Amino acid sequence: HDALPIYKDIIITKELEPLFSIKIDLDLIRQVLTNLLENAIKYSPNDTEIKVKSEEKDGFVKISITDQGI
């Protein structure tokens, strides 16, 4: 559970479960997550939190990004 300060005084908190090895397109998933985080930062008010969470369930990995923006 880490928090990283970011501009706009937004804190990014991550809650990442240990995951089993999975086959993914690393460049594609990196781009998708970067786009989602940049969007969350862009539309979040100052002094708020963005939460990145991952969980493994039924053989799938669920990743969620929650912000307090519109």
Side-chain angles (χ1 to χ4, degrees):
H1 184 82
D2 299 319
L4 306 170
I6 230 99
Y7 63 91
K8 291 178 69 173
D9 295 320
I10 293 174
I11 298 294
I12 297 179
T13 305
K14 52 186 181 172
E15 297 177 10
L16 307 176
E17 285 187 0
L19 301 174
F20 294 103
S21 179
I22 57 173
K23 291 184 179 185
I24 59 170
D25 182 328
L26 190 57
D27 291 330
L28 180 60
I29 197 70
R30 181 179 289 126
Q31 185 63 46
V32 167
L33 293 175
T34 297
N35 288 347
L36 290 171
L37 279 170
E38 286 176 351
N39 199 42
I41 292 167
K42 181 178 179 180
Y43 292 105
S44 290
N46 291 350
D47 300 313
T48 58
E49 178 183 20
I50 296 170
K51 185 181 293 185
V52 180
K53 182 178 179 181
S54 72
E55 59 184 317
E56 189 273 329
K57 185 174 182 179
D58 300 326
F60 291 92
V61 176
K62 177 181 175 184
I63 299 173
S64 62
I65 299 176
T66 307
D67 63 58
Q68 299 168 17
I70 50 175

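As the structure is a computational prediction, the values presented were derived from the model and not from experiment. Only heavy atoms go into these numbers, but all of them, side chains included; no hydrogens, no water, no symmetry mates.
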According to a 4.5 Å side-chain heavy-atom criterion applied to Ile, Leu, Val, Met, Phe, Trp and Tyr, with indirect links allowed, do [X] and [Y] form part of one hydrophobic cluster?
{"X": "Ile11", "Y": "Tyr43", "result": "no"}
{"X": "Leu28", "Y": "Ile63", "result": "yes"}
{"X": "Phe60", "Y": "Val32", "result": "no"}

Do you know the tightest heavy-atom contact between Glu56 and Glu17?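 It is N-OE1, 3.1 Å.
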
Do you know which two heavy atoms are closest between Gly69 and Pro45, and how far apart they sit?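 Minimum heavy-atom separation between Gly69 and Pro45: CA-CD, 3.9 Å.
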
Partner residues of Gln68 under the side chain to side chain donor-acceptor pair (under 3.5 Å) criterion, sequence neighbours left out: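 Scan of Gln68 (side chain to side chain donor-acceptor pair (under 3.5 Å), adjacent residues dropped) gives none.
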
Results of side chain to side chain donor-acceptor pair (under 3.5 Å) for Asp58 - residues two or more places apart only: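 So Asp58 forms no side chain to side chain donor-acceptor pair (under 3.5 Å) with any residue.
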
Can you tell me how far the [atom1] atom of [X] sits from the [atom2] atom of [Y], to the nearest 0.5 Å?
{"X": "Ile50", "Y": "Leu37", "atom1": "CD1", "atom2": "CG", "result": "6.5 Å"}
{"X": "Thr66", "Y": "Glu49", "atom1": "OG1", "atom2": "CD", "result": "9.0 Å"}
{"X": "Leu36", "Y": "Ile65", "atom1": "CG", "atom2": "CD1", "result": "4.5 Å"}

Side chain proximity check, Asp67 to Asn39, heavy atoms < 4.5 angstrom: no

Given side chains that start at C-beta, do those of Glu15 and Lys51 come closer than 4.5 Å, heavy atoms only? yes

So Ile12 and Ile41, side-chain contact (heavy atoms from CB on, under 4.5 Å) or not? Walk me through it. CA-CA 9 Å; Ile12 297 179; Ile41 292 167; 4.2 Å; yes

Can you check side-chain contact (heavy atoms from CB on, under 4.5 Å) on Asp47 and Ile10, steps first, answer last? CA-CA 5 Å; Asp47 300 313; Ile10 293 174; over 6 Å; no

side-chain contact (heavy atoms from CB on, under 4.5 Å) between Thr13 and Val52: does it pass, once the steps are laid out? CA-CA 6 Å; Thr13 305; Val52 180; over 6 Å; no

Got a donor-acceptor contact below 3.5 angstrom from the Thr48 side chain to the Ser44 backbone?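 Not confirmed, Thr48 side chain does not pair with Ser44 backbone.
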
Hey, are Gln31 and Asn35 close enough side-chain-wise for a donor-acceptor pair under 3.5 Å? yes

